[in-house]
Asker: 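This is the structure, below, for whatever I ask next.
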Amino acid sequence: MIGQHLLVKKSGPLYGTAHLYGAKNAILVIMTSLILTEGTSVLENVPNNADVRLMIVLLEQLGASVSFDTEVKRLIVDTTYINKSEVHPEIMNKIRASILVMGPLLGRFGTASVAMPGGDLIGMRPINYHLEGFKKLGAVVQLQPPFASARMSLRVLPLSTRIVLEYPSVGATENIMMLASVSNTETTIINAALEPEVYDLIDVLRKMGADITVAPAAIIIKGVAKLYPIIHTIIPDRLEAGTLLLAAAITGGDISIPNARADHLDIFIEKLRAMGHTITTGFDMPENTPVGIRIQATKTPCAVNIKTAPYPGFPTDLQPLMMAALCTAQGISTIEETVYENRMMHTKELSKMGAQITVEGSTAIIRGIDTLYGSNVIAADIRASCTLVLAGLIAEGETKIAGVHHWLRGYDSLDSKLNNMGALISLADDSIIAVDDQKQIQISL
Ligand code: UD1
């Protein structure tokens, strides 16, 4: 089979307007939450990316019936006939978020068996917080590699159950919250993750009939007997917004994203301002709403220091992309990664393009230079693929990026959105690139 590369040519400043599709990290968990209901639910603003398509296959394997109108971004899921509670390694290895079916399957059938996700390039990615939470809610958990299995015991639960997360894990908070929504106790998750995508799931569970209250750093869930199908529009993807804003920042452009949520990107926006970019949000308008972001980028951005943290801190998923933008900022920037133990592989690829970066432990020190140079580079994860695309937009010559499947996993036609604003990005077969750059076949995503 012929592989593919992303080809990025040095582009001028980006100008225009872009519309965000639904957040990948919200839609995946919301799709799994539908298992808790019996009947037909409708989800709107669903991105047509590879992870969503894999989650559709997973739900179909469990017995759901799914139809996806990729033109209008509408997903219709009938969960009435789900009759399996096992997820095999073949699908688990392709989509790590499939661990998020475990809570809903336990809630609906009292049993779940899911192949354990392994570590990946950015970290170990354990699931101990998920499993400990299930145990607190009355599950008996068994680890028999490659499977993690759980079944609800007949143990009578106390009236209230406290689950303390050592770290505010997004996935563990979501998985525990979904099971707790239909369990026989009032659950308080202490040190819960409160990312916008977790709020979107809370919104969905409440529409289904769940009783959920959000307190400072905690979520309180009073279990109910039954949940019902819903109609829901997925929140706009703040990571796609961050990618577009940084593409404008790095090229010195001026773009608007009318449906971006400024309140989902507070610290990120402050860092862009600290670099010298002019950012106008809905909060700056007479209506004073969180909706809408415009960037008018400076041609001479300056260095900033970044430290990743759980929401509302600087998102780890925008850390690699911010690094690309800081490679050509004036001065010395530092980026400290605190969420994942090994999220610095992109520094090596950026260095191939001329970036001046040294890594000390979990901190990268970036010395700003005038320009980058096109090179052959490899994307190791979704966000690294965007990082290299951003770097390619300002690099002299052409950047050829391998690892295209990561780009396809996370985004729906992001290359077209960028190209509509002046970027020069295309997808081409490896062999065609090698034979004749002039005759590249453009393959639309
Ligand atoms: C989600 C996002 C991912 C984002 C991450 C952090 C989805 C589909 N993915 O991933 O894009 O980068 O949040 O914002 O929503 N941990 C444990 N034990 C556990 C669970 C997590 O030690 O049981 C650790 C992880 O190894 C990691 C940290 O906690 O170092 C954060 O992970 P977590 O918030 O769970 O990330 P995900 O939900 O997997």
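Whatever order the structure lists them in is the order used to number ligands and atoms, beginning at 1.
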Asker: Check ligand 1 against His130 and write out every atom of the ligand that is under 4.0 Å from a heavy-atom position of the residue.
Answerer: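 Answer, ordered by atom number: 23 (O).
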
Asker: Please check whether Leu28 reaches ligand 1 - meaning an N/O of the residue sits under 3.5 Å from an N/O of the ligand, judged on distance alone.
Answerer: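 Between Leu28 and ligand 1, no N or O pair is found under 3.5 Å apart.
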
Asker: Among Asp412, Asn48, Asn45, whose side chain to side chain donor-acceptor pair (under 3.5 Å) with Lys73 holds?
Answerer: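 When Asp412, Asn48, Asn45 are each tested with Lys73, the side chain to side chain donor-acceptor pair (under 3.5 Å) holds only for Asp412.
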
Asker: For ligand 1 and Ser169, I'd like to know whether there is a polar contact (N/O to N/O, distance under 3.5 Å).
Answerer: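 Yes; the residue has a nitrogen or oxygen that sits under 3.5 Å from a nitrogen or oxygen of the ligand.
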
Asker: Only heavy atoms of Val339, strictly under 4.0 Å: list the atoms of ligand 1 that pass.
Answerer: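 Going through ligand 1 atom by atom, the ones under 4.0 Å from Val339 are 27 (C), 28 (C), 30 (O), 31 (C).
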
Asker: Looking at Gly171, which atoms of ligand 1 are within less than 4.0 Å of one of its heavy atoms?
Answerer: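 It comes down to these atoms of ligand 1: 35 (O), 38 (O).
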
Asker: Please find the pair of heavy atoms, one from Ala210 and one from Leu227, that lie closest to each other, and give the distance.
Answerer: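 Smallest interatomic distance, heavy atoms only, reads N-CD2, 3.5 Å.
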
Asker: Which part of Ala172 is near ligand 1, with near meaning a heavy atom under 4.0 Å away: side chain, backbone, both or neither?
Answerer: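 For Ala172, there is no contact with ligand 1 at all, from either part.
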
Asker: Please report whether ligand 1 has a polar contact with Tyr167, defined as an N or O pair separated by less than 3.5 Å (distance criterion only).
Answerer: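 There is no such contact.
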
Asker: So, is the end of the Lys417 side chain (NZ or CZ) under 6.0 Å from the ring centre of Tyr21 and within 45° of the ring's axis?
Answerer: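 Yes, a cation-pi geometry holds between Lys417 and Tyr21.
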
Asker: Just by distance, do the side chain of Thr308 and the backbone of Pro315 share a donor-acceptor pair under 3.5 Å?
Answerer: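 The answer is no, because no donor-acceptor pair under 3.5 Å joins these two groups.
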
Asker: What are the atoms of ligand 1, with element, lying closer than 4.0 Å to any heavy atom of Ile127?
Answerer: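 The list of qualifying atoms is 23 (O).
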
Asker: Do any nitrogen or oxygen atoms of Asp317 come within less than 3.5 Å of a nitrogen or oxygen of ligand 1?
Answerer: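 Asp317 vs ligand 1: N/O contact under 3.5 Å present.
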
Asker: Using a 6.0 Å cut-off, check whether atom CD of Glu71 has over 12 heavy atoms from anything other than its own residue.
Answerer: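 12 or below, so no.
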
Asker: May I ask you to check if ligand 1 and Lys24 share an N or O to N or O distance below 3.5 Å?
Answerer: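 Among all N and O atoms of Lys24, none is under 3.5 Å from an N or O of ligand 1.
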
Asker: Any idea how His88 and Phe147 line up, ring-wise: parallel (<30°), tilted (30 to 60°), or perpendicular (>60°)?
Answerer: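 Ring orientation of His88 relative to Phe147: perpendicular.
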
Asker: Checking the side chain of Arg108 only, and the main-chain atoms of Thr37 only, is there a donor and an acceptor separated by less than 3.5 Å?
Answerer: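 Yes, because the side chain of Arg108 sits within donor-acceptor range (under 3.5 Å) of the backbone of Thr37.
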
Asker: Could you tell me whether Thr316 approaches ligand 1 through its side chain, its backbone, both or neither, with non-hydrogen atoms closer than 4.0 Å?
Answerer: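 Side chain only.
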
Asker: Is the closest N or O pair between Tyr129 and ligand 1 shorter than 3.5 Å?
Answerer: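 Right, the criterion is met.
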
Asker: Below the 3.5 angstrom mark, is there an N/O of Pro168, backbone or side chain, next to an N/O of ligand 1?
Answerer: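 There is no such contact.
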
Asker: Does the N or O separation between Asn128 and ligand 1 drop below 3.5 Å for any pair?
Answerer: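 Yes; at least one N/O pair falls below 3.5 Å.
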
Asker: Does atom CZ of Arg53 have more than 12 heavy-atom neighbours from other groups under 6.0 Å away?
Answerer: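 Yes, the 6.0 Å shell around CZ holds more than 12 heavy atoms from other groups.
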
